[in-house]
2 protein chains.
Amino acid sequence: MSEPVETSALTLNRLSVYLRCLRTLECEGVQRVSSQELADRFHLSPSQIRRDLAQFGGFGVRGVGYDVSSLAERLHRVLRLDALHRLIVVGMGNLGSALSTYLGFNDSSFQVVAGVDSDPGRIGTRIGGVLVEPYDDLAAVARRCEADIGVLTVPADAAPAAYRALVEAGLRAVLNFAPVLLDEVRGVRVKNVDLRVHLEELAVHLGATDADSLRELAAGAQVPARDLEGRADSAEIEPSSALAAAGEAHPHRRG
Amino acid sequence: MSEPVETSALTLNRLSVYLRCLRTLECEGVQRVSSQELADRFHLSPSQIRRDLAQFGGFGVRGVGYDVSSLAERLHRVLRLDALHRLIVVGMGNLGSALSTYLGFNDSSFQVVAGVDSDPGRIGTRIGGVLVEPYDDLAAVARRCEADIGVLTVPADAAPAAYRALVEAGLRAVLNFAPVLLDEVRGVRVKNVDLRVHLEELAVHLGATDADSLRELAAGAQVPARDLEGRADSAEIEPSSALAAAGEAHPHRRG
DNA sequence: GAGTGTGAAATTCTTCACAGCC
DNA sequence: GGCTGTGAAGAATTTCACACTC
């Protein structure tokens, strides 16, 4: 039996990065590159590059390096970018609209083909090249457009139902911006992008980050934050996060 | 000598998630919770929860569990959410505008205090509660507003210079949406959010993801894009990979 | 009995270092 | 000489399992 060696998300994410770096070099007319040069130029690790690439066969030539174009082409295929992936955006609020526009620009691999929203005022309008359709038709719209990937930009409480509808419609990949951990259906991959989590990680970094300091913080001590003296309390803020929603999933690389 | 035990980003991200889960329980009136209950409810790993929390001192009570409110409060402090963090958004295009509005929602920990853009047509307008100022004044604006965290939503080629300007202005944390790896200045943390990378990871998962199949793909073979109706032709290649590809469900669930 | 906190094991990921090829 | 591909070492992270506490 062949082993079920899954390529890790970390590796895949790096392949995406490598591909972009290679495209840059291609534009500059560079034809060959060594792992060392790639690493120096884009702040990567040479041995990691070699290991990542070697995982998919001998891409390089010993003593020479990698052929920029052919390596790019191979990565392009590994990442399935030779197929067109159709996105359906669920929730055409600020974020959903922005993403539709952002992702709407001509790209041969990803295209937003549909958008749905529950706000009657938005239905029927055009945003970023797609017509906004009723949220209730989500599954039907997804099927009709043959969408591959769902993009969830709905509020947290609406996300689980939206996810189920996408699963129902046969999608197998979802990019989730809602701050909830979805109950992942086997075979339907969810990738979470949680702005809140990212910001909070950065916030911690603004103060001391060693375990001792954090332990003191937890206990209630005032560990210096840096410059935050001017705590002008910003007018009308919710005292407690009444809108706080459920959790989310696992980090990635981050990246 | 005190050890320089840095808390990992992975752990911090999970703390964010735990905090949100706890807020949800708080709203439901739950007062105590065990790591097992938390895990069951939000699809997490109980032992990981315990280890993450124990890192900051004894939060729980043996035989009983954790006090929801007091644990939430401690995490809130560890994550520095008791201070207000001021965000400056660089690039008020679609994504920047959306984020300004999105993050503009009343939150006591993060607030967008400024936005800059290089488009004269946008300067002077109000988006999501902030006045758009000239991109060229970036460093000055950041200083004046006492911004803590920079949000980069500029095109890739503008990002490195914008990052340097933020460093110059004294910021120590940057959330970067531009598809470039910034040359990270020591002490100024960069967190990348790369939609392209996320989408490409999902794209791979639409097909087989075992190393063998990817190797074939790289070599130019047509590996099936799993059971998506149309692609019937390629059914016989790599029968073993079809199942393996589905997985990668929960990192913590034992298979 | 129930459930945390934590050494120890297991697993995953990264880096080293060098054999082998150009 | 230069550089890849890779076994082996090393780090980091996760999971196990159980001593200990309430």
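Atom set for the values below is all heavy atoms of this structure, side chains included, hydrogens, waters and symmetry mates excluded.
In this structure, B:Arg20 pairs ionically with A:Asp194, as a charged nitrogen and a carboxylate oxygen lie closer than 4.0 Å.
Evaluation of the side chain to side chain contact (heavy atoms under 4.5 Å, CB included) rule for B:Glu184 yields B:Tyr163, B:Arg189, B:Val190 as partners, not counting sequence neighbours. Applying the salt bridge (Lys or Arg N to Asp or Glu O under 4.0 Å) test to A:Glu26 and every residue at least two apart in sequence or in another chain returns A:Arg23. The salt bridge (Lys or Arg N to Asp or Glu O under 4.0 Å) check on B:Asp67 picks up nothing, with sequence neighbours excluded. With sequence neighbours excluded, the residues satisfying side chain to side chain contact (heavy atoms under 4.5 Å, CB included) with B:Arg164 are B:Pro160, B:Ala161. Legend: residues meeting salt bridge (Lys or Arg N to Asp or Glu O under 4.0 Å) with A:Glu73, ordered by chain and number and at least two apart, are A:Arg77. The side chain to side chain contact (heavy atoms under 4.5 Å, CB included) test applied to B:Ala178 returns B:Ala159, B:Asn176, B:Val180, not counting sequence neighbours. With sequence neighbours left out, B:Ala54 forms a side chain to side chain contact (heavy atoms under 4.5 Å, CB included) with no residue at all. Checked against salt bridge (Lys or Arg N to Asp or Glu O under 4.0 Å), B:Arg41 has the following partners two or more places apart in sequence or in another chain: B:Glu28.
Every pair passing ring-ring contact (aromatic ring centres under 6.0 Å, His included) that includes a residue from residues 60-86 of chain A is listed here, sequence neighbours excluded: A:His85-A:Phe110.
A close approach under 4.0 Å does occur between a side-chain nitrogen or oxygen of B:Ser45 and OP1 or OP2 of D:dT15.
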Secondary structure string for DNA chain C (Watson-Crick or G-U under 3.5 angstrom, | for other-strand pairs): ||||||||||||||||||||||
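If you measure from atom CZ of A:Arg32 to atom P of D:dG2, you get 14 Å, rounded to the nearest angstrom.
Boundaries of the chain A contact region on DNA chain C are C:dC13 to C:dC22, first to last in 5' to 3' order (nucleotide atom under 4.0 Å from a heavy atom).
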Where protein sits on nucleotides 3-9 of chain D, one letter per nucleotide: B base, S sugar-phosphate only, - none, heavy atoms under 4.0 Å: BBBBBB-
